[in-house]
Amino acid sequence: MPRRRWLYWLIPVVLVMLLGEAGRRLALSHSLYELNRHSEPPLELMQEPRAGERILIFAPHPDDETLSCAGLIQRSLLTKAQVHIALMTNGEYPEMSVVLFEEALRPSSAAFVRLGYRRQQETLKAMEYLGLPESAVTFLGYPNNYLNQMWLPNHWSREYPVRSVRTRTTRSPYTNTFSRSTPYAGECALADIKTLLKRLQPDAVITLHPNDIHVDHWPTYAFVRYALEELTLEGESFAGRCRTYSYLIHRPHWPTPRRYRPWLALEPPARLASGSDTRWLAFPLTLGQTIDKRKAILSYRTQGGGIDPLLTSFARANELFGEVGVRTWPGRRFVPPQVVINDPIADTDSSARYPRADLRIVTVSRANRHLIVDLITRRKPSRSYGYHLSINFGGTSAKSRVAAAYDWQGDSLRGVLFRNGDLTEVPPEACQVAYTSTGVALIAPWPAVDDGPGFFMIRAWSTRGKRVVDQTTLATYRITQP
């Protein structure tokens with residue numbers, strides 16, 4: 001007999017009716033997660049925060065920390081754990097928010113900055129409601145919708161910062177930024193994150209999931225993971241032992257249903273629930289904590305916190321976190337093809353519509369000083385689509401940092417490399433592209449500077465014109481020494 005899940009919502013109502021105030025307190029301390037979950041087998045439960053434990057939460061925009069972790073923050077404060085929030089950007093977007101709140105049809109750069117400050121205040125108000133003081137929130141001040149560009153070699157160096165079309169500057173204009181007037185560049189974001197990590201030395205780090213499709217979300221994971229890997233290699237013991245969890249905000253048609261349903265369980269998207277490198281965990285909330293989470297979400301008026309069904313749909317019977325696996329790569333000069341990414345097929349509307357651009361598998365091999373990458377697609381690839389790859393190396397020092405990106409369509413290929421502090425074009429004659437019945441292959445010079453201890457992070461995506469069709473996760477590989 002199918003479970004009549006709606007009956008479970010009557011439990012707190014009945015408790016209040018029968019027991020009055022005592023019933024209300026009992027109802028609010030009750031969790032509906034176990035009664036109303038769908039996953040079979042059930043998700044494992046996330047470890048409870050402990051007294052004295054230090055938890056550092058990274059969020060790309062003001063509101064993401066509440067959507068993902070409001071319940072965890074409440075429980076952490078109850079158990080006397082220490083919580084700190086780091087906001088990568090101030091979320092000076094969307095334009096409509098400026099139009100509505102500034103009453104200006106053509107927003108100025110100053111208006112966008114004011115929106116950024118307003119969104120900061122929304123986070124502080126939400127955290128105050130949850131019990132977290134303003135001193136526990138850090139604003140890093142990087143540009144909204146540009147973190148993905150800062151991850152690429154073109155804007156990795158502080159000498160080549162990205163320019164925001166909204167703030168109309170290449171440096172943070174905010175006076176309360178963690179690093180005053182910080183350039184909009186990848187190495188600057190990395191430096192700030194490393195400084196914050198070393199200062200707080202967290203026992204648990206919570207950041208975005210690498211399968212989040214937003215242009216600021218997966219890069220937040222990328223920079224945090226890069227910082228932890230580099231700190232570990234530098235001998236910072238806390239970086240190697242701290243637990244790392246990831247949360248998800250943006251995936252197509254998720255969460256379902258997109259409306260406030262505090263009695264329902266929040267579970268991973270079906271395409272990511274199995275066959276990935278993520279071990280998904282549930283963090284059950286009491287009914288009272290779920291209700292308080294929704295009230296905190298209402299603080300984000302610029303984002304439609306009270307009316308946007310996406311935001312309130314995160315106020316559920318549990319919060320969802322994942323432990324993302326990190327694999328190893330043999331540190332040899334000759335490595336046969338290795339599957340580095342398994343990507344779910346037809347997992348977005350566009351990838352389902354264009355199977356020749358739907359990425360399925362990414363393999364990497366090394367032949368001495370050559371990098372060989374195969375992007376295997378759901379159907380025979382087409383020369384009319386664009387195929388793209390980024391690979392970032394790191395090691396024991398800044399000299400080990402390499403950011404490489406390759407873009408090709410048909411016979412047109414462009415490679416860009418940031419290495420040893422210099423931004424250069426990869427000579428076209430040094431690269432080759434081949435189309436097969438199953439995918440496209442790229443042969444390029446091996447980008448890494450040396451073969452010492454290190455790691456690399458790799459990601460691929462495809463485009464149709466200027467639109468992204470499909471994008472893979474960002475996979476991390478630690479290079480093992482022979």
Side-chain angles (χ1 to χ4, degrees), residues 209-213 218 221-222 225-226 229 246 251 268-280 322-348 351-352 355-381 385 387-394 402 404-408 431-448 451 454-462 468-482:
H209 194 277
N211 270 109
D212 195 303
I213 62 173
W218 67 261
Y221 169 86
R225 170 56 68 188
Y226 195 109
E229 295 295 325
S246 295
R251 286 294 295 183
R271 299 284 187 177
L272 301 181
S274 60
S276 70
D277 286 335
T278 301
R279 174 175 168 246
W280 292 104
E323 291 182 326
V324 180
V326 176
R327 297 184 180 182
T328 58
W329 175 269
R332 302 192 300 266
R333 288 183 174 267
F334 293 91
V335 181
Q338 309 280 318
V339 175
V340 295
I341 296 174
N342 268 302
D343 194 58
I345 62 171
D347 57 326
T348 65
S351 62
R356 295 176 185 270
D358 188 5
L359 303 172
R360 188 166 62 89
I361 293 174
V362 179
T363 72
V364 173
S365 58
R366 179 180 180 182
N368 198 8
R369 300 308 300 176
H370 287 92
L371 166 73
I372 305 168
V373 179
D374 279 291
L375 305 184
I376 300 174
T377 51
R378 183 156 55 98
R379 298 274 181 84
K380 182 179 179 180
Y385 296 119
Y387 300 93
H388 313 265
L389 176 83
S390 73
I391 182 166
N392 292 40
F393 287 81
V402 175
Y406 306 92
D407 310 274
W408 64 95
C431 302
Q432 298 178 48
V433 171
Y435 288 76
T436 69
S437 60
T438 58
V440 290
L442 166 73
I443 302 177
W446 184 257
D451 294 313
F455 60 94
F456 68 85
M457 305 173 72
I458 187 168
R459 180 177 183 270
W461 65 103
S462 60
V468 173
V469 175
D470 193 25
Q471 50 186 308
T472 73
T473 188
L474 180 84
T476 305
Y477 282 79
R478 293 173 183 147
I479 301 173
T480 60
Q481 296 306 298

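The basis for the numbers below is simple: all heavy atoms, side chains too, and nothing from hydrogens, waters or symmetry mates.
Between H209 and V324 there is a side-chain heavy-atom pair separated by less than 4.5 Å. Between S246 and T278, the closest side-chain pair of non-hydrogen atoms is not below 4.5 Å. In this structure, the side chains of V364 and Q338 stay at 4.5 Å or more apart for every pair of heavy atoms. Side-chain atoms of V362 and L375, non-hydrogen and from C-beta on, do get closer than 4.5 Å to each other. Residues W461 and D470 fail the side-chain proximity criterion, which asks for heavy atoms closer than 4.5 Å. For the pair L272/W280, a side-chain contact is recorded, criterion being any heavy-atom separation below 4.5 Å from C-beta on. No side-chain heavy atom of Y221 sits less than 4.5 Å from a side-chain heavy atom of D212. Put simply, the side chain of R459 reaches to within 4.5 Å of the side chain of Q471, judged on heavy atoms.
Atom CG of L359 is separated from atom OG1 of T377 by 7.5 Å, given to the nearest 0.5 angstrom. The NE2 atom of H388 lies 12.5 Å from the CG atom of L442; values are rounded to the nearest 0.5 Å. Distance CD1/I345 to OG1/T348: 11.5 Å, rounded to 0.5 Å. How far CD1 of I372 is from CH2 of W446: 10.0 Å, rounded to the nearest 0.5 Å. To the nearest 0.5 Å, the span separating CG on N342 from CG on D277 amounts to 8.0 Å. Annotation: the span from H370 atom NE2 to I443 atom CD1 amounts to 7.5 Å, rounded to 0.5 Å.
Looking at every heavy atom in both residues, C431 comes nearest to A444 through SG-CB, 3.8 Å. Heavy atoms only, all atoms of each residue included: V469 and A357 are closest at CG1-CB, 3.8 Å. Residue Y406 comes nearest to I391 through the heavy atom pair CE1-CG2, 4.4 Å, listed as atom of the first residue, atom of the second, then distance. Annotation for P447 and V402: closest pair O-CG1, 3.6 Å, computed over non-hydrogen atoms. The shortest non-hydrogen separation linking R356 to Y387 is O-OH, 2.9 Å. Of all heavy-atom pairs spanning R333 and R369, the tightest one is NH1-CD, 3.3 Å.
In this structure a side-chain-to-backbone donor-acceptor pair under 3.5 Å is missing from R327 to V340. Using a distance-only test at 3.5 Å, with no hydrogens or angles considered, a donor-acceptor pair links the side chain of T472 to the main chain of A460. With hydrogens and angles disregarded, a donor-acceptor distance shorter than 3.5 Å links the side chain of D358 to the backbone of A346. Under a 3.5 Å cut-off, the side chain of R360 and the backbone N or O of G439 do not form any donor-acceptor pair.
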Inset, instruction - Decide side chain to side chain contact (heavy atoms under 4.5 Å, CB included) for V326 and Y477; before the verdict, give the C-alpha distance in whole Å, the side-chain angles of both, and the deciding distance to 0.1 Å. - result: CA-CA 6 Å; V326 176; Y477 282 79; over 6 Å; no
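Contact check on R271 versus D347 returns no salt bridge, with no Lys/Arg side-chain nitrogen under 4.0 Å from an Asp/Glu carboxylate oxygen.
Between F456 and F393, the ring planes are tilted. Angles from 30° to 60° get that label.
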